[in-house]
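Comments concern the structure below.
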Amino acid sequence: MNRKATALDVAKLAGVSRSAVSLVLNGRGDGNVAKESQLRIREAAATLNYTPNTIAVSLRNRRSRIIGIVSDQVVTSPFDGNIIAGADAVARSQGFVTVVMDTELDEARDESAVATLLDRQVDGLMYVTVGLRPLHVPFNMLRVPSVLANCFDDRPEAGVPAVIPDEVRGGREAATHLLGLGHRDIAVLAGDGLRPAAPRRIQGHRDAFEAAGLPVRPGRILEAGWDIDAGFHGAMKLLDGVAAPDRPTAIVCANDRLAIGVVLAANRLGLAVPQDVSVMGYDDEFRIASTMVPALTTMALPLREMGATAMTGLLQELSEEPEDHDGGGASAGHSRPGQTLVPCRLVVRESTGPVPPSRA
């Protein structure tokens, strides 16, 4: 057979109707087509190397099989493109393609970016941000099924579902790792309170100490910022001119760049990492955490997993909708309120070790 196989060819080979082939190969066979017939249809499709004509399918069900993604800076940022990569992989595995527009942190462009994607007849929308933050969701996102990744709706009614990292659990696991190494005097360089990740990680840190029946020493949690120099100056406040019995034996940092600053400060003061002070980062930043000397123990943000989880939920919502939607107005199926928390992952490397024997 030189021509491309058709659904009718599959139906004839499998001994079923053309409509049965359509139901099975579009994922709607269960409850509509007998299991034995479903198996014959799939075997026939494989034998004939049949794949549905996506353009024809789109014309029939008025679906574009395109998902629009709006990002605040992910496309132009070197850090969080993995969120989009995870989302795109899931979309492609289910026969969808993604189209991305980047607003470059200009919130005035949110509505127009969404409008542009809606004009392209996208079936659904995702909004992705570089750092965890509240988002004033563009109202026109409610016209089609939508989801947020690494951000959350700032409206009390939480109109659009969100997939975000479990920062409280991440802070708790970071502290638990150090407590398990015998550390009891642990300082935290906590970024700043302007970003919602910082207070959540602090809460997790306090939870770990409470679970261990230990107090958090006063003055051991400092807002320091997010960059290398902030880590350096924060560590100097904690370590410089402080007698060994009074300085922390471990420092947890809000990101890996702060941790680099802490290691530099320790080196300046003649302190070895981790022999004199353990240092822990956060993010598992590509080409930084693993290549540092010493390599950083850190909490890996679940970037790819967040993208994949968000896209999986969005496509599930689309599969439950009538196939002839026109994207012209919101429906009850367009809102799945609430937040899905994705765990961060502890990555143990060389910058953390047992508490110094003199402090045990």
Side-chain angles (χ1 to χ4, degrees), residues 79-80 83 129-134 148-152 158 162-226 230-231 234-235 238 248-262 274 277-285 289 296-306 309 338-349 351-355:
F79 302 116
D80 289 358
I83 300 177
T129 58
V130 167
L132 178 66
R133 68 177 179 90
L148 309 177
N150 208 28
C151 51
F152 51 92
V163 178
I164 61 176
D166 192 343
E167 300 284 17
V168 175
R169 178 174 172 179
R172 184 170 65 247
E173 290 190 4
T176 299
H177 166 68
L178 293 170
L179 289 169
L181 292 171
H183 296 276
R184 296 296 181 265
D185 189 354
I186 304 172
V188 178
L189 295 182
D192 62 56
L194 299 177
R195 304 185 191 183
R200 297 178 188 210
R201 294 175 189 175
I202 291 171
Q203 181 60 54
H205 183 84
R206 293 188 182 280
D207 289 348
F209 269 75
E210 182 178 352
L214 298 169
V216 176
R217 282 187 57 175
R220 286 306 195 223
I221 298 177
L222 306 176
E223 288 193 7
W226 300 91
L238 292 166
T249 62
I251 301 176
V252 179
C253 301
N255 63 18
D256 296 329
R257 282 166 286 167
L258 279 174
I260 293 172
V262 173
V277 58
S278 286
V279 179
M280 183 157 187
Y282 210 107
D283 292 352
D284 196 25
E285 192 169 321
L296 291 175
T297 296
T298 188
M299 296 299 301
L301 280 174
L303 302 174
R304 193 176 185 94
E305 293 88 344
M306 284 192 292
T309 299
Q339 296 178 359
T340 299
L341 300 178
V342 183
C344 301
R345 177 173 53 89
L346 173 65
V347 181
V348 179
R349 296 194 180 101
S351 67
T352 55
V355 65

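All of these numbers come straight from a predicted model, not from anything done at the bench.
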For the student: nearest non-hydrogen atoms of [X] and [Y], plus distance:
X      : Y      : answer
Ala208 : Thr176 : CB-OG1, 3.7 Å
Pro134 : Pro196 : CD-CG, 4.0 Å
Leu132 : Pro165 : CD1-CD, 4.3 Å
Arg220 : Leu238 : NH1-CD2, 4.2 Å
Cys344 : Leu301 : SG-CD2, 4.1 Å
Leu181 : Gly353 : CD1-O, 3.5 Å

Counting N and O atoms only, with roles assigned by atom type, does the side chain of [X] sit under 3.5 Å from a partner on the main chain of [Y], one being a donor and the other an acceptor?
X      : Y      : answer
Asp283 : Asp256 : no
Thr129 : Asn150 : yes
Arg349 : Leu296 : yes
Asn255 : Tyr282 : no
His183 : Val277 : no
Thr298 : Asp284 : yes
Arg201 : Ala190 : no
Thr352 : Met280 : no

Could you verify whether a donor N or O on one side chain and an acceptor N or O on the other, from Thr297 and His177, lie under 3.5 Å apart?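 Absent: no donor and acceptor within the cut-off.
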Measure the [atom1]-[atom2] distance between [X] and [Y] for me, rounded to the nearest 0.5 Å.
X      : Y      : atom1 : atom2 : value
Asp185 : Leu178 : CG    : CG    : 11.5 Å
Glu223 : Ile202 : CD    : CD1   : 6.5 Å
Met299 : Cys253 : CE    : SG    : 14.0 Å
Ser278 : Ile251 : OG    : CD1   : 9.5 Å
Leu258 : Leu189 : CG    : CG    : 6.0 Å
Ile164 : Thr340 : CD1   : OG1   : 9.0 Å

Given the rule in the side-chain contact (heavy atoms from CB on, under 4.5 Å) test, do Leu179 and Arg184 qualify, once you have shown the distances and angles that lead to the verdict? CA-CA 6 Å; Leu179 289 169; Arg184 296 296 181 265; 3.9 Å; yes
Please test Arg133 against Arg195 for side-chain contact (heavy atoms from CB on, under 4.5 Å), starting from the C-alpha separation and ending with a verdict. CA-CA 6 Å; Arg133 68 177 179 90; Arg195 304 185 191 183; over 6 Å; no
Side-chain contact, heavy-atom cut-off 4.5 Å: Val163 with Leu148? no
Any side-chain heavy atom of Ile186 sitting closer than 4.5 Å to one from Val252?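 The answer is yes; the side chains approach within 4.5 Å.
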Looking at Glu173 and Arg169, does any basic side-chain N land under 4.0 Å from a carboxylate oxygen?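 Yes, Glu173 and Arg169 are salt-bridged.
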Arg200 NZ/CZ over Phe152 ring centroid, <6.0 Å and within 45° of normal: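 Pair Arg200/Phe152 counts as cation-pi.
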Step by step, would you call Ile221 with Val216 a side-chain contact (heavy atoms from CB on, under 4.5 Å)? CA-CA 9 Å; Ile221 298 177; Val216 176; 4.1 Å; yes
